[in-house]
Amino acid sequence: MKLTIIGTGYVGLVTGTCFAEVGHRVICVDNDAAKVKMLQSGGIPIYEPGLEEMVKKNVAAGRLSFSNSTAEGVANSDIVFIAVPTPPQPDGSVDMSFIERVARDIAGAMTEYKIIVDKSTVPVQTGEKVAETIKRYCKSRVECDVVSNPEFLREGFAVEDLMKPDRIVIGVRTQRPVQAMKEVYEPFKAPIIVTDINSAELIKHASNSFLALKISYINAVSVICEATGANVQEVAAGMGMDERIGRRFLNPSLGFGGSCFPKDLSAFIKIAEELRYDFGLLKEVQKINANQMDRFVKKITDTVWVLKGKTIGVLGLAFKQNTDDVRTSPAIELCQRLQKEGATLRVHDPKAMEKAKALLNSDVTYVENMNDVAEGCDALVIATEWDEFKKLDLDRARKLLSHPIMFDGRNLFDPKEMEKLGFIYKSIGR
Ligand code: UGA
């Protein structure tokens, strides 16, 4: 099929590439001329495992191309996907100006029937607004169908999640676009659920909020574990064996971050408020998440005491493993708080060091090899759950640290083993 994706961020670029991979002809459009130029010359603006190879392969096969013209995309495709940012505003509500702009651009370029699909995460009832806007600005007065098709990919696993989705959600107003949408997704062999547009939009906000709730739940349980000597890993394992609960997203941490959960929670709370429902449950999820960071910082200061004049090593800057994304990263927040207390930092992240530089004070030492970070540090902190940190040379770290203290915000090591190795080791909920 001939498809256009507007927006080449995480969702747009990975979706467009995976659509090309299964045989569709895809044009990825972005209004950032520099980004389009970079993509046209073989560069990839984000780190995402497997993406670069897949882009190259599909560009070479003539199935994937890049453009900064919405009109070109609309003219050359049957279905136009909107995948532009929906950033938060200071009051927690969603800035819809990018979506609105794109809807007008598409309307202006339409000369025949098109299916317009919203993939961006949007408040419920956005589809209706997009349909109205297109109708208003479409001079040629041709028909279109607006579809809601939320995306559930995780950064760091985006290609994998897209190629093997748990489900495809298609929200429609009439049956007319359903067959074409099913054809787009047929190669992915995933269950498809067809709903009305409002329900599809809600599935996305309700899912992300539920996953955030699950993380806050286990983080709250971790507090009880610490107070009673129980082990949160064992509690999570035992809970997770119940299929109704499931083990995934029960990993205690120094809090969740990223460009989705914090923003989507605030948006969902705000949407509820506008509908005159106080979503107190989700406010508590936010509160637990903020407390988790406070508790972790306190754990550090309780042990190390005064941070002024101390050097702290930090492993991990990205908001999670397998990505270079530092937006709303708990690891960055932690670094900033340590810097505010007067600590000097030595940091390492396998992919996110470049992007972190813009967010941290300039006196940070960026260390290329994770095994060198501990050198001369008063304590070492694990802030992101990168798999490779599990292979840290612990003997060497202990020798390099001026005091063998480790704070593990991701529970990567076994407390008993760490004690045996001579560490003062503090993790979450154990
Ligand atoms: C999240 C959702 O998982 C995706 O399904 C959704 O498509 C995406 O948002 C989106 O709306 O675009 P993402 O933000 O990329 O994906 O990353 P997650 O893997 O969900 O992790 C979010 C945060 O929660 C990270 O900071 C991670 O470290 C933390 N986390 C995750 C925990 O603290 N514990 C866990 O058990 C799992």
Side-chain angles (χ1 to χ4, degrees), residues 7 9-15 46-49 83-88 94 118-122 149-162 164-169 201 203-222 232-233 235-237 239-240 245-268 285-286 288-290 292-293 296 316-334 349 352 382-387 389 408-412 427-429:
Y10 278 93
V11 171
L13 183 57
V14 184
T15 306
I46 51 172
Y47 171 73
E48 192 59 50
V84 294
T86 46
V94 180
D118 173 48
K119 248 199 182 302
S120 304
T121 302
V122 293
N149 172 219
E151 183 46 62
F152 302 101
L153 62 82
R154 292 162 302 161
E155 285 180 28
F157 301 89
V159 172
E160 186 185 320
D161 285 352
L162 240 143
K164 290 190 211 125
D166 285 348
R167 81 298 208 185
I168 302 296
V169 175
E201 290 166 340
I203 286 171
K204 173 70 191 208
H205 265 142
S207 298
N208 269 9
S209 299
F210 189 81
L211 289 168
L213 180 149
K214 212 173 165 188
I215 299 168
S216 275
Y217 187 81
I218 200 67
N219 278 337
V221 170
S222 80
V232 73
Q233 297 299 138
V235 176
M239 286 171 66
I245 298 173
R247 175 63 184 82
R248 294 175 76 189
F249 280 68
L250 280 182
N251 297 321
S253 62
L254 68 173
F256 57 77
S259 63
C260 302
F261 285 172
K263 165 188 86 122
D264 291 350
L265 267 178
S266 304
F268 206 22
V285 170
Q286 290 180 317
I288 293 168
N289 202 47
Q292 201 67 3
M293 177 64 76
F296 194 67
L317 298 167
F319 82 98
K320 59 180 283 192
Q321 80 279 44
N322 290 355
T323 181
D324 62 352
D325 196 346
V326 291
R327 289 175 294 172
T328 328
S329 166
I332 295 286
E333 186 187 337
L334 177 70
D349 188 285
I382 309 261
T384 305
E385 70 274 38
W386 281 94
D387 241 5
F389 293 164
D408 184 353
R410 300 289 185 168
N411 286 1
L412 297 189
S427 54
I428 311 275

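Atoms within a ligand are numbered from 1 in the order they appear, just like the ligands themselves.
- For the pair K204 (side chain) and D264 (backbone), a donor-acceptor distance under 3.5 Å is absent.
- Residue-level proximity to ligand 1 for L153 is carried by the backbone, the only part with a heavy atom below 4.0 angstrom.
- Residue F152 places its CZ atom among more than 12 non-hydrogen atoms of other residues, nucleotides or ligands, all under 6.0 Å distant.
- Between the side chains of N411 and Q233, at least one donor N or O lies within less than 3.5 Å of an accepting N or O.
- Under the 3.5 Å distance criterion, the side-chain polar atoms of N219 are matched with a main-chain donor or acceptor of S253.
- Nearest approach of F319 to R410, heavy atoms of both residues: O-NH2, 3.5 Å.
- Residue-level proximity to ligand 1 for K204 is carried by the side chain, the only part with a heavy atom below 4.0 angstrom.
- Of the candidates Y10, F152, F249, the one placing a heavy atom closest to atom 37 (C) of ligand 1 is F249.
- Taking atom 3 (O) of ligand 1 as the reference point, the nearest protein heavy-atom neighbour is R154 CG, 3.4 Å.
- Looking at ligand 1, you won't find any N or O of G258 less than 3.5 Å from one of its N or O atoms.
- Per-residue contacts place N251 under 4.0 angstrom from the following atoms of ligand 1 (heavy atoms of the residue considered): 32 (C), 33 (O), 34 (N), 35 (C), 36 (O).
- Side chains of M239 and I218 form a contact here, defined as non-hydrogen atoms less than 4.5 Å apart.
- For atom 18 (P) of ligand 1, the closest non-hydrogen atom on the protein side is K320 NZ, 3.6 Å.
- Between T121 and ligand 1, no pair of N/O atoms sits closer than 3.5 Å.
- Close approach to E151 involves these atoms of ligand 1, each under 4.0 Å from a residue heavy atom: 7 (O).
- Considering only non-hydrogen protein atoms, atom 25 (C) of ligand 1 sits nearest to F319 O, 3.5 Å.
- Checked by distance only, ligand 1 and R410 come closer than 3.5 Å through their nitrogen or oxygen atoms.
- Taking 4.5 Å as the limit, some side-chain heavy atom of K263 sits within range of a side-chain heavy atom of T86.
- Note: an N/O pair closer than 3.5 Å links G257 and ligand 1 by distance alone.
- Against a heavy-atom cut-off of under 4.0 Å, E385 is close to the following atoms of ligand 1: 27 (C), 28 (O).
- Near E155, the atoms of ligand 1 lying under 4.0 angstrom from a non-hydrogen atom of the residue are 15 (O).
- Looking at every heavy atom in both residues, A236 comes nearest to R247 through O-CD, 3.5 Å.
- Using a 4.0 Å heavy-atom cutoff, C260 is listed among the residues neighbouring ligand 1.
- Side-chain N or O atoms of T328 include none that pairs as donor or acceptor with a backbone N or O of G257 at under 3.5 Å.
- The ligand atoms of ligand 1 that sit less than 4.0 angstrom from a heavy atom of S253 are 32 (C), 33 (O).
- The single protein non-hydrogen atom nearest to atom 31 (C) of ligand 1 is I215 CD1, 3.5 Å, given as residue, atom name and distance.
- Looking at heavy atoms from C-beta onward, I428 lies out of side-chain contact with D408 at the 4.5 angstrom threshold.
- Ring pair F261/F256 is perpendicular by interplanar angle, where above 60° counts as perpendicular and below 30° as parallel.
- The proximity of V11 to ligand 1, defined as any non-hydrogen pair under 4.0 Å, does not occur for either the backbone or the side chain.
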